[in-house]
Amino acid sequence: MSSIGRSVIASSPGRVNLIGEHIDYNDGWVLPFAIRERTTVTITVIEDQVLRMQSKQQGDLITLPIHKVKPENRRGDWSDYVTGTIWSLSNTPGTGDRLRVGLEIEVDGRVPLGAGLSSSAALECSVAFALNHLFDLGLNLAALARAAQRGENEYVGMPCGIMDQAVSLMAKRGNALLLDCVDLSTRDVPFDLTPDGLEILVIDTMAHHELVDGGYKERRDTCYRTLRQLNIASMRHLDLKQLELVADSLDSVGFRRVRHAVTEISRVHEMVTALETRDFQRVGAILDASHASLRDDYEVSCAELDLAVDIAKESGALGARMVGGGFGGSAIALIESRKVSTAEAAITAAFGNHGFTAPRFFIATAEEGSRLEKF
Ligand code: GLA
């Protein structure tokens, strides 16, 4: 039976990572949550043997013949996240030829771009989730996450880890997602700050520094190289005491990169306990320690992020840190609701004084992962 004309609408959220930064590709655990802002795709099977893609936000209609859906034909724009996901899914065992059909794909991307809130994973996951349903691929959420990640790694060419795709697919409303980045097993950790009068304020610094692409891969490579030097298979088998014992055999950069990773992994577990006991002073202190480690040991912060964090703290935040890959993007602050507007004004003023672009603010609550909107 012809499937021409069949269609599905699915949506996937962006994310904020509470703790566990630069840890997914280091084989640890991370604790992100999905946010309210989502990307919605409408996918319809069409007769023409092409992908016809349009984004409400980006304008141009992009058409790509199906036989050209290959990494060497990537365009260097948003459509690569769509075609990369389709390419990856069609190379996933068990999907057969079902995906080699013409599709019309309309994208409505409401996750702010360039803010470090993972608009790219939201797009990939909405496409993967929609196609899984439309063609009865029978893939579970972990398999969809891996397919979306492979698309980004091998088609788009960004060597990201699995965190963004996993949380965009698996998150549950009112919970942060404790994710084991090796086997993708998860545990939902209740995360509702309302009863305590607290918020997660997201400060989008609007900064995007050139280091983003090269800097990310370089950090990743340094961690892998240092582990090989230590003859250790995975970061999860290392703790700070053991690392300090062998410090002399490592160069200072390698030592500090790995120190960030092992201490950040401990902070993820500590954070789970702090949330479970609703010890928000502790939550704040863990955020602060993470920022210091990302700034000084991993060196992925920047002047705008440091300023946002410092002024948030001066404005009464219990803790604050940069989130995501770094070199720009967003910081988060754990702060009492009644202090939010004063903090926003103080951060905006400080950015003005430093000659930085005015920041944007969001309140992040833990929302639902990917879902069908209409089928
Ligand atoms: C980016 C990547 C993720 C993760 C974070 C840092 O968002 O896409 O895989 O590595 O940076 O935690």
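Numbers here are sequence positions counted from 1. These numbers come from the heavy atoms of this one structure, side chains and all, not from hydrogens, waters or symmetry mates.
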Tyr298/Cys223 under side-chain contact (heavy atoms from CB on, under 4.5 Å): CA gap, chis, key distance, verdict | CA-CA 10 Å; Tyr298 222 62; Cys223 286; 3.3 Å; yes
Charged N-O contact under 4.0 Å between Arg75 and Asp77 | yes
Could you note down all residue pairs passing salt bridge (charged side-chain N to carboxylate O under 4.0 Å, His left out) where residues 105-131 supplies at least one of them, sequence neighbours left out?
-> Lys56-Asp108, Asp108-Arg110
Under 3.5 Å, is there a donor-acceptor pair linking the side chains of Arg282 and Thr277?
-> no
Presence of salt bridge, Arg187 and Glu276, under 4.0 angstrom = yes
Please list all pairs passing the side-chain hydrogen bond (donor to acceptor under 3.5 Å, both in side chains) test where one or both residues lie in residues 283-293, with sequence neighbours left out.
-> His260-Ser293, Glu264-Ser290, Arg267-Ser293, Asp288-Lys313, His291-Asp306
Which heavy atom of Ala274 sits nearest a heavy atom of Val283, and at what distance?
-> CB-CG2, 3.8 Å
With the side chain counted from C-beta on, respond yes when Leu18 and Val189 share a heavy-atom pair under 4.5 Å apart, and no when they do not.
-> no
Do any side-chain atoms of residues 340-358 form donor-acceptor pairs under 3.5 angstrom with protein atoms, and if so which ones, sequence neighbours left out?
from: Thr348; atom 1: OG1; to: Glu344; atom 2: O; distance (Å): 2.8
from: His354; atom 1: ND1; to: Ala350; atom 2: O; distance (Å): 3.0

Please collect all salt bridge (charged side-chain N to carboxylate O under 4.0 Å, His left out) contacts where either partner lies in residues 361-371, sequence neighbours excluded, each pair once.
-> Arg173-Glu367, Arg371-Glu373
Those residues at least two apart in sequence (or on a different chain) that pass side-chain contact (heavy atoms from CB on, under 4.5 Å) with Pro190 are Asn175
Nearest 0.5 Å please: distance from the CG atom of Leu178 over to the CZ atom of Phe33.
-> 14.5 Å
Any donor and acceptor pair, going by atom type alone, linking the side chain of His22 with main-chain N or O of Gly325 inside 3.5 Å?
-> yes
Check whether more than 12 heavy atoms from other residues, nucleotides or ligands sit under 6.0 Å from atom CD of Gln281, and answer yes or no.
-> no
Only counting residues at least two apart or in another chain, list the ones meeting side chain to side chain donor-acceptor pair (under 3.5 Å) with Thr226.
-> none
Carboxylate-amine/guanidinium proximity below 4.0 Å for Arg257 and Glu299 = yes
Determine whether Met163 and Glu21 make a side-chain contact, defined as any pair of heavy atoms from C-beta on separated by less than 4.5 Å.
-> yes
Glu270 vs Thr273 side-chain heavy atoms within contact, under 4.5 Å | no
Interatomic distance, Asn26 atom CG to Met235 atom CE [nearest 0.5 angstrom] | 3.5 Å
Should the ring pair Tyr224 and Tyr25 be called parallel, tilted or perpendicular, given that the plane angle runs from 0 to 90° and is split at 30 and 60?
-> perpendicular
Are Val107 and Val127 close enough, and set up right, to give a side-chain contact (heavy atoms from CB on, under 4.5 Å), and what steps lead you there?
-> CA-CA 9 Å; Val107 175; Val127 170; 5.8 Å; no
Answer yes or no for Arg236 and Trp29: cation-pi contact, defined as NZ/CZ to six-membered ring centre under 6.0 Å and angle to ring axis within 45°.
-> yes
State whether Asp221 and Arg225 are salt-bridged, where the test is any N-O pair (Lys NZ or Arg NE/NH1/NH2 against Asp/Glu carboxylate O) under 4.0 Å.
-> no
Decide yes or no for Asn153 and Cys160: does some side-chain heavy atom of the first lie under 4.5 Å from some side-chain heavy atom of the second?
-> yes
Minimal heavy-atom distance between Gln58 and Ser55, with the atoms involved, is N-OG, 2.9 Å
